[in-house]
Amino acid sequence: MNILVINCGSSSLKYQLINSDSEAVLAKGLCERIGIDGSLLTHTPAGKDKVKIETPMPNHTVAVQLVINALTDANHGVIKSLDEIGAVGHRVVHGGEKFASSVVIDDEVMKAIEECNDLAPLHNPANLIGINSCKEIMPNVPMVAVFDTAFHQTMPEKAYLYGLPYEYYEKYKVRRYGFHGTSHDYVSARAAEILGKKREDLKIIVCHLGNGASISAVDHGKCVDTSMGLTPLEGLIMGTRSGDIDPAICDFICQKEGLTSAEMNNVLNKKSGVYGMSGVSSDFRDVEKAANEGNKHAAAALDAFYYRVAKYIGAYTAAMNGVDAIAFTAGVGENNISGRVEIAKYLGYLGTEIDEAKNNVKGEDTVISKDGSKVVMLCVPTNEELAIARQTLALVK
Ligand code: ADP
């Protein structure tokens, strides 16, 4: 069966068509500037050249139709007709406490996703628009929602409750949810597979280090803690997000700089992290280059980033009373060789040491710690689209 995986943003739509038997990506692409002048579809069929189609996309339904046209086109298409799409898997950011796993989408599910809009006002409404557009164009194709938050729903109360008046949890569901769940699930399962063990027998820490970054503690197959919270702002220092700070800083800076809380929120989400600290870039490659050329702020930003990751690894080792494997994934985790070395320098107490030759890899499933290390460190490329396709297949077949 061919499964169309859709990741819909407010003005963008990413897609991959995956064959579930071979797990090959038949085509992938991106619609940009939906609803804005200069809409662009970039379509990449496997083994063929990339095609750029500039045409108006006033809304997401038009974008979905253009994606279907591209997938079935005589020249750059990869299937003959819509009939060759067996199911659609949608990435949905927030499932609140309602969804602890993926579900087949029906009217009730749509309503429940809508009820979570409050918790992810920038993402969930866009995800719903994507689902509705696909339903319009493919009314008879089964669709599945795969939530970023679902894998973390196994966290115990002690991990998800904040030290706030309990009524905020009762009234507004203010608690830790965590994100990147599809990646933490996929990478922890893959790490166990690489080690030839069952995930249910292991304590695994997954470090998803991308532009957005989060860590999770996966104890015998279940997530017991994760660094992102009610929103993706909490936890690690990220590309542009601050991660953990003293909450009193917000009021302090608002008063000093005359900012509103919305403006402060924007600073914390878009102007902080290694970008704000270094003044150079949110892209770790640029920050690393600047640090290597002697930029002290860039070096300090990277130091703080690695130190924060190491502190969370320590915290999650305590949370699980031990750790068997630490997996690095996403853009920085998979590709930043020297970054993994810097983080590993803090982990000697765990009885693990990086093997410089083995660590010399980018984006490949590899054990990167020395033979005989008590705790195994690994590089494990994430693949959220494949994970969504697998979960979709499991629910529709
Ligand atoms: P997101 O999905 O959150 O946008 P990614 O997982 O794609 O993020 O990660 C993007 C980050 O990965 C960027 O900061 C980029 O600099 C970093 N990255 C990608 N390749 C490399 C590399 N070869 N070395 C260091 N960092 C890299």
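Note that the structure is a prediction, hence the values are computed from the model and not measured. Note that ligands are numbered from 1 as they come in the structure, with each ligand's atoms numbered from 1 the same way.
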Query raised in the report: Do Thr329 and Glu334 have side-chain N/O donor and acceptor atoms under 3.5 Å apart?
Result: yes
Measure the shortest side-chain to side-chain distance between Tyr177 and Met228 over non-hydrogen atoms and say whether it is less than 4.5 angstrom. no
Original post:
Does some side-chain heavy atom of Val206 sit less than 4.5 Å from a side-chain heavy atom of Val380?
Top reply: no
Would you kindly check if the NZ (Lys) or CZ (Arg) of Lys171 is within the cone defined by 45 degrees around the ring axis of Tyr169 and under 6.0 Å from the six-membered ring centre? no
Ligand 1 atoms nearer than 4.0 angstrom to some heavy atom of Ala330 are 6 (O)
For Gly210, the atoms of ligand 1 under 4.0 Å from one of its heavy atoms are 5 (P), 6 (O), 8 (O), 9 (O)
Residues passing the ring-ring contact (aromatic ring centres under 6.0 Å, His included) test with His123, sequence neighbours excluded, are none
Of all protein heavy atoms, the one nearest atom 22 (C) of ligand 1 is Asn335 CB, 3.3 Å
When distances are taken from atom 25 (C) of ligand 1, the protein heavy atom at minimum range is Arg285 CG, 3.6 Å
protein heavy-atom neighbour closest to atom 8 (O) of ligand 1 works out as Asn211 N, 3.0 Å
re atom 14 (O) of ligand 1, the protein heavy-atom contact at minimum distance is Phe284 N, 3.0 Å
Should Leu209 be counted as touching ligand 1, given the test is an N or O pair under 3.5 Å?
-> no
Query raised in the report: Should we count CG of Asp246 as having more than 12 external heavy atoms under 6.0 Å?
Result: yes
Check your understanding: Does an N or O from Glu288, backbone or side chain, lie closer than 3.5 Å to an N or O of ligand 1?
Key -> no
Quick look: Lys362 vs ligand 1, heavy-atom contacts under 4.0 Å, and the answer is side chain
inquiry  = Tell me whether Arg175 is salt-bridged to Glu157, with the criterion being a basic N under 4.0 Å from an acidic carboxylate O.
reply    = no
Gly212 heavy atoms within 4.0 Å reach ligand 1 at atoms 3 (O)
re atom 9 (O) of ligand 1, the protein heavy-atom contact at minimum distance is Gly331 CA, 3.3 Å
